Number of protein chains: 2
Amino acid sequence: MKIGELAKAAHVEVETIRYYERIGLLPAPSRSPNGYRAYAGGHLERLAFIRHCRALDIALVDVAQLLRFVDDPTTDCAEVDALIDSQLTRVRARLDTLQMLERQLVALRSQCGAPDRAAQCGILHELEAPTRGDVCVCHDEHAQ
Amino acid sequence: MKIGELAKAAHVEVETIRYYERIGLLPAPSRSPNGYRAYAGGHLERLAFIRHCRALDIALVDVAQLLRFVDDPTTDCAEVDALIDSQLTRVRARLDTLQMLERQLVALRSQCGAPDRAAQCGILHELEAPTRGDVCVCHDEHAQ
DNA sequence: GCTTGACCCTGTAGTGGCTACAGGGTGTGT
DNA sequence: ACACACCCTGTAGCCACTACAGGGTCAAGC
């Protein structure tokens, strides 16, 4: 199987495969006489695993660790748990941040109702609030 | 005011200020005879505005646009609205993705209960599901 | 046989928003 | 004089790709 075929089978870009090989995540395959990469079935499995982890926003460094766990069946399962737990923590933290951001933007957006010029713009006025020493609606904990 | 003083006043790194100047977001200040940057009050205001926008995860290219609106008071306010609206849309989209990710990770995490070795690990088993042509718990729409 | 287009190769650079480093200059206190 | 904190410019690195440059290979169509 050539690289384009592997890419299509795994729903990934050819360049991504080369990237994974370069950083050591995917083993380098054998080559055809013309120098083309020649992939066997194991590569698709590994690539599918990697893409599965990436779909869960797992960092490549952690994907590499998970692959090491796969390759060493005697590894303690608790280490796998810990890795997924920390990923879950990361996602939840980012979730919290974004939820706060949404609220802030909604509050800010509400400062502009009627069409006007920028000089009278409530949004810009609020964005300039810290400059004036004022508390803005987007970062005012009491207004939310 | 020297760059370190401005950085402290705006709660930002010195390097970030130099970066903003390099990309044209902050105007270059005058210089002392020894070549040091000499900042006046207007710079702190502009930097505060930039940091305020950044705290709302607004991309620098959009911050630059907002600054142009500030500098041209005749700009139509609707353009400011549109910019904040698109930012809100972006945040909401990312929120959706992360909420889905959280659910997926929770489902995956639930596959491992008791201490074991990696060979029996439910998490790794699920991460390998697509390889076997199976549907994994993290991406199975019916299981959620 | 030639042309064309799709695919392949390696190596490098770019994305966004910083952050860190190298190598050197300036000012102040001891 | 020395040490340390700060300043300067320029460059590189982070993360996970993605795009490009320049060149080679293959197969189908004329």
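The sequence lines fix the lettering, A, B, ..., with proteins before strands; numbering per chain opens at 1. Bear in mind that the values here come from a model prediction, so they are computed numbers and not experimental data.
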For R51(B) and for R22(A), find the nucleotide of DNA chain C with the closest heavy atom, then tell me which residue's nucleotide is more 5'.
R22(A)

Judged by nearest nucleotide, the residue sitting upstream toward the 5' end of DNA chain C, G35(A) or N34(B), is G35(A)

Between [atom2] on [N] and [atom1] on [X], what's the gap in Å once rounded to a whole number?
| X | N | atom1 | atom2 | value |
| --- | --- | --- | --- | --- |
| Y36(A) | dC7(C) | OH | P | 11 Å |
| R31(B) | dT26(C) | CZ | C1' | 14 Å |
| L26(B) | dG17(C) | CG | P | 15 Å |
| I58(B) | dG16(C) | CD1 | P | 17 Å |
| E15(A) | dT12(C) | CD | P | 16 Å |
| K2(B) | dT26(C) | NZ | C1' | 9 Å |

When you measure only distances, ignoring hydrogens and angles, does the side chain of Y20(B) come within 3.5 Å of the base of dG17(C) through a donor and an acceptor?
no

NA contact type, I3(B), heavy-atom cut-off 4.0 Å: base, sugar-phosphate, or nothing?
sugar-phosphate

According to side chain to side chain contact (heavy atoms under 4.5 Å, CB included), who are the partners of Y20(A), at least two apart in sequence or on a separate chain?
T16(A), I23(A), L25(A), L26(A), L47(A), I50(A), R51(A), R54(A), L60(A)

My understanding is that only residues two or more places apart in sequence, or in another chain, count here; which of them pass side chain to side chain contact (heavy atoms under 4.5 Å, CB included) with R92(B)?
E102(A), V106(A), L88(B)

Taking only side-chain nitrogens and oxygens of R18(B), does any of them come within less than 4.0 Å of OP1 or OP2 of dT19(C)?
no

Main-chain N/O of L56(B) paired with Q87(B) side-chain donor or acceptor, under 3.5 Å:
yes

Would a distance-only check, ignoring hydrogens and angles, find a side-chain to backbone donor-acceptor pair under 3.5 Å from E5(A) to K2(A)?
yes

Considering only heavy atoms of chain A and a distance under 4.0 Å, specify the first and last nucleotide of DNA chain D in 5' to 3' order that meet this criterion.
dA16(D) to dC26(D)

Separation between CZ (R68(A)) and CG (D62(A)), nearest 0.5 Å, reads 9.5 Å

If you group Ile, Leu, Val, Met, Phe, Trp and Tyr by side-chain heavy-atom gaps below 4.5 Å, do L83(A) and L124(B) land in one group?
yes

Side-chain contact test, heavy atoms from C-beta onward, threshold under 4.5 Å: evaluate it for L127(A) versus C53(B) and give yes or no.
yes

